Structures are given as structure tokens and as C-alpha cells.
Amino acid sequence: MKNLTIFSHIYLLFCLIIFIHTPGCIAFSADQKLSSIDTQIETIRSRLAKDPQNTIKTISQFKKTYSGQLSPLQLVNLLSAEAWAYMYTNNFSKAMESINKAEAVARQSKDKLHLWKVDNAKGMIFWQMELGQESLKYHLRSYEYFKHDLDNELRNRSENNIGYASVHLGFYNEALPYLNRGLKRALKIKNPRLIAIGYNNLGEAHYGLKNYDKAFELHQKALDIRLSENLKFHSSFSYHNLALIYQQRKQYKKAVNYLQKAISIRNDNNHIKGKLTSQVALARVYQDSSQPEKLNALLVRVVRNALKEKKYVILADAYELQRTLYQSNKQFEQALIASLNYQQAINSIQSRQTDAHLTSYLTQSDTVMKELNILDLEKTNEIQTVKFQAERQKTNITILASLIVIVILTIFLWVIYLKRRKIESINQQLSTTLADLKHTQNLLIKSEQMSALSTLVAGIAHQMNTPLGVSLTAMTHLKEEVNEITEMMAAGEIPEEKFMGFLASLYQECDLVIKTTNRASELVKQFKTISTKLEGEIKQNFEVIKFLIEQTDLIRKKCGLKKIKIDIHGSQVSIKNYPDALNKVLTQLMKNSIEHGFTDIIDPVIDIEVRNTKEHIDIIYQDNGKGIDKSKLSKVFNPFYKTNMGTENLGIGLSVAHNFVVQLMQGSITCEITEQGGTQFKITLPHKIEEIQI
């Protein structure tokens, strides 16, 4: 019995020990698991630059495996790494999508480290996209989180990024305070890598200020540190920058030697953009030192690799150097081709930047809408909770009614008071939410307007550059030939065959200049139609169906469109509006049907129906053409958007029609696909419009 008691005590003691240690073991196991996840994330981040494609796949699988188990910091680190990986593969839209998801998590946690990681990554992504101003903005935002923490490494990194971005934007004097503070801290903590970066960035700033001797001293210090610390990859930046100074000093052999070292190191480290940048710098040295054969061979390689890697800024620089080389060699045809290629590269840069902006705006809009939806659900849940509590209290009141009436009435009145206060509080919160929503909507509208303006300016510049570039090249060629003939005439030696060839070339060049100048003039006329301002436009009453019949007959006779059947029917109604504007809209819709819809259509038909309501009238324009792809419907009214590439159309016709209807006629216009496959435009106009300034 005694042994049994001892055994019982030992058993109870064992259970107590197990009970005490179990929570610690569980906590240790959880901590161990978190530590394992952190280690795996750091391993993934360490492989970003070497193998970004496989890193993207690894991150995708990692998110599936640990779904719902990651802390906010781990999720921010993982999404940031995914954004960097997409950036290294030049998939900037995906990079922005990932970093915006990370930003949503960081905002919820409100942790400065999370927010710094997001803004720093955004700054680097915009830098790779050649959006220097946007990059500088986000680096300045990241700097705000730790600017008062003088010994924080993240503050130092932000200062270096701000300084570096400022230098490459041409803000050299503004960059110097940030770069000097960054170098001072690096010297204080005696970090060789950061010290070398500080000297390098300051050297670039002084190079921009044309303090070449000071820049040379700083870059040489950076190179000496990097060589002594075996920082081979970073030494390529020093070799590159020192070569630029040797080029300024006309020490071309040293410049070539240093640039070749930089190219070799960057090639070994698979730094494609850096390698191409150094090759372009080497091409400029060949140009300055009059080595056309080496220059031409190098530019061919740069163009091929830049096209392959989609590095359009470097590609544009290479085409510009090719154009200069061909012009100096009087190879005007090749110079013209190089000019056209240059314009195409510039257009690709603008297109990529516009797409990235649009992706950024869309992902930000999606994040805002999700937050608003969550907020709406929370408000709904609060209302439901209040209703449930009220019903429960009513039940309690009913049960206690037989015991004491006074208490029941008191509780009931108190509940009503609380409910009223609760509803007032909810209404106040909903009002605040509505104000925030309106503010967000205004921001999105402004972003969309800026994006549309950027697209319009880029489109006009691209359309005008081509004819003007061709005219410039042709006139340059003509000037060379005139100088040659003038010299022959002065010498009294001009063969008849040479003179006749000159006249033939003169005629061809003049004809080319006239054609391209006329093309530019036509473009200017078409650009004017983008505005809704119509000189001499008169607002008047007119019967819609009668007007449509008269105008379609005139358009058909003018364009020789006898084969097209036009059926106009519907309500007899008169409106007060701008008939000339409606005529231009109708003309554009018919041109759109003829040029895009009726290709390969044997029996083309246009059906126009007029519908009258109390508030407005609807004009339904419909053809039986081949229709428009659903994915393109949302873009048909955008300026410079064309469904058939390669044509001479500017792609502004439907945009002009949209402006006439919305801005001048105070109506609306939409585009849809019919069940039969054709295209339908619905124009809605008021019976009367307010007075506007034409």
C-alpha cells in the first residue's frame, strides 16, 4: 500500500512536470517553425538576382504551402521578393501587382519596417522602368520613416538611393547633402562596401557638375576599396565611371581599357543592363576617337542584345549613334532607317511606361475597393449585432413584464436610447466612409486624366516625328549634293551625266519633302478635330429622322456608297441641338462601318432607329459587319487607338465623335456587339441643351 502511494505521488509529479513543460514545448515548436519559414524566405531572397524565373515559381509554391500561416512581416518580405523577381524579368506590371499587395499588408500592420520595404521596392521598380521622378518620390517616402534615427542602416540606404536618383535626374546640387550624410555614416561604422558606394555616388554627382578632377579622385578611392575588399562586381561601376572621365580628358586608350574591364565583369555576373550601358559608353568613345569600323560592329551587337532583352532606352541610344555614324558616312538610306528605328524604340518606352502606370492605378483602385467592401461588411455586421441585441432585450422584457412593469419600461427606454446613440454613431461613421470614398474617387479620376494626357501627347509626338524626321534626312542629303555640285561648278568641271543625276535626285528629294510636309499638315488638321470647338456652329431645332435621311443620302453620294443599304426608322421627334455636330458623328460612324466592318461583307446594311422618351431621345446605329473584339470595346473611344495596325488612320475618329456627343451635344455614346456579330452605337441626346460657349 505504501509502495502504491509512492507510485501515485511519482505519477502525479510526472503529470505536473508534463503539464508545466507542455506549453513551453508547444511555444518552442511554434517558434522553431517560424524560424524555419524566415530561413526559407531569406534563402529565396538570396537567389533573386541569379535565377529570378525559378524564384517566382518557388514563391508561388511557398505561398500555397504556408497559406494563412505567415506573419505580416513574412508576408511583406515574400511579396517584396516576388516583386523584385518580376522586376528582374522585366515584367513590371506583375512587379507592381505584387508590391501593391505587400503595401496593403504593410498598411494594416502600420509597421515602419514593413512600409519602408514596400516604398524602397517601389522606388527600385520605377527606377528600372526609367520613371526617375516616381522612383525619387518613393525613396523620399521611405526616408521619412527613419530620417530621425541617425544610426539606422535603412536611413543610410534611403539617403544613397535619393542621392543616386537625384544625380541621374540631373539634380546634382540637391543630391550632395544626402550623399555626404550617407558617406559620413558609412565611414563611422567602417563598412567598406558602403564607403565605396558613397564615394562612387558622390563621384557621379561631381561628374554631373563637371568637377572632373574631384570626380576622378572619388571614383579612384572607390575602386581602391573595392579591389582591396575583393568586391569585384562593384568594381565594374568604378571602371565605368573612371572611363567616362578619361573620355572627357581625351585619353581614349585608358577609357577603352576601363570600359572593357567593366563589360567583362558585368558579363560574368549576368548584369545585362549594366553590360549594355558600358557598351554604349564604349561606342561613344569609338565615336569620339574616330574608329567607325569598331563603332559599327559594336552597335550591331548592342542593338541585337537590347532588342532581345527589351532594354528600349539603351536601344534608342544605340540607334541614335547609328544614325550619326551613317550620316557622317553619307549613307542616308541607312540613316533614315536608324531614325525610324529610334522613333519606334522611343514609342516602346512610352508604351511600357503607360502600361505600368495603368497597372499601378488599376491595382491601387482594386485595393481601395477591397478595403471599402471590407468596411461595408463590418458596418453591416454591426447593424445586425445591434438588431440581435435589441430582439433579445425585447424577449427579456416580455418575460419580466409580469414581475415589475416599471423596471421593464425603464429598461426598454434605456435600450431605445442606446440603440439611437448606436445608430447615430454608425451614421457618422458611414458619412466619414462616404467622404473618404469620394476623395479616393477624385484621386483616381485625376490619375486617369494624367494617364490619358500622357497617351495623347505621346501619340501626337510619335505621329509628327516620322514625317518631320524623313523631311530632315532628305533635306540633309539634298544639301550634301548641292554642295558637291557647287564645288564642281566652281572648278568648272561638271559632267552632264552627273548634273542630270543631280536634277533627278533633286526632283525625288523635293517630291519626298512635299509629300512628308503635306502628311504633317494633314496630321495637324486631324489633330484639330480632337477638340469639340466648332467654329460657326449653330444650335437649332430639327426633325431627327428627316435630318438623318438627308445626311446619309449626301454621305452616300459623296463617297459613292450605292451598294450599302441604309434603313432609317423610328419616332418622329424634333430636338434643339447642334445638327452639324450630329452630321460629323454620323459621318464618322459610317466611315467606321465601311473601313472596318464591311470588309468581306457581300450585302452591307446600316440600320438607324430613333426612340423617343420623356427625358431624351436614343439614336441606335447598327451595322451587319464583322463587329469588334470584346477585349477592344473599352478602348474604341481612346485617342490614337487603332484596331487595324499599319494603316494611315490616326485612330482618333471615334474619339472625336465621343467628344462631340459628350462635350458639345451634352449626351452620351456607347458601343456594343450585336447578337448577329455586327457593331451597335447608341447615342443618347437631350430634347434641349443648355447654352454653352462654342
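Remember, predicted model here, so these are calculated numbers, not experimental data. Values below: all heavy atoms of this structure, side chains included; hydrogens, waters and symmetry mates excluded.
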**OP:** Quick one: sort the Phe237 and His234 rings into parallel, tilted or perpendicular, breaks at 30° and 60°.
**Re:** tilted
Student check: side-chain heavy atoms of [X] and [Y] closer than 4.5 Å:
X	Y	result
Tyr319	Leu340	no
Leu140	Tyr178	yes
Ile41	Phe62	yes
Asn160	Leu179	yes
Glu204	Tyr164	yes
Tyr326	Asn296	yes
His240	Tyr258	no
Arg249	Ile245	yes

Could you give the distance from [atom1] ([X]) to [atom2] ([Y]), rounded to the nearest 0.5 Å?
X	Y	atom1	atom2	answer
Arg301	Asn305	CZ	CG	8.5 Å
Asn120	Asn161	CG	CG	5.5 Å
Arg141	Lys122	CZ	NZ	6.5 Å
Met96	Phe126	CE	CZ	4.0 Å
Ile346	Leu315	CD1	CG	9.0 Å
Leu78	Lys101	CG	NZ	11.0 Å

Subject >> Worked verdict on Ser278 versus Arg266 for side-chain contact (heavy atoms from CB on, under 4.5 Å) >> reply: CA-CA 9 Å; Ser278 294; Arg266 291 174 172 182; 2.8 Å; yes
Grab the two heavy atoms, one from [X] and one from [Y], that are nearest each other, plus how far apart they are.
X	Y	answer
Ser166	Leu136	OG-CD1, 3.7 Å
Ala283	Leu295	O-CD1, 3.2 Å
Ser235	Ile265	OG-CD1, 3.4 Å
Gly182	Glu159	N-OE1, 3.6 Å
Ser80	Ala102	OG-CB, 4.3 Å
Ala318	Val303	CB-CG2, 3.8 Å

Subject >> Residue among Leu298, Ile314, Leu259 satisfying side chain to side chain contact (heavy atoms under 4.5 Å, CB included) with Val280 >> reply: Ile314
Original post:
Are the aromatic ring centres of Tyr207 and Tyr212 under 6.0 angstrom apart?
Top reply: yes
Subject >> From Lys221, His219, Gln220, Arg226, residue fulfilling side chain to side chain donor-acceptor pair (under 3.5 Å) relative to Ser238 >> reply: Arg226
Original post:
Do the side-chain N and O atoms of Ser339 and Asn341 include a donor-acceptor pair separated by under 3.5 angstrom?
Top reply: no
Subject >> Polar side chain donor-acceptor pair, Ser158 to Trp116, under 3.5 angstrom >> reply: yes
Subject >> N-O pairing of Glu82 and Lys63 below 4.0 Å >> reply: yes
Original post:
Using 4.0 Å as the upper bound for N to carboxylate O, is an ion pair formed by Lys311 and Asp317?
Top reply: no
Original post:
Is Lys273 atom NZ crowded by more than 12 heavy atoms from other residues, nucleotides or ligands, each under 6.0 Å away?
Top reply: yes
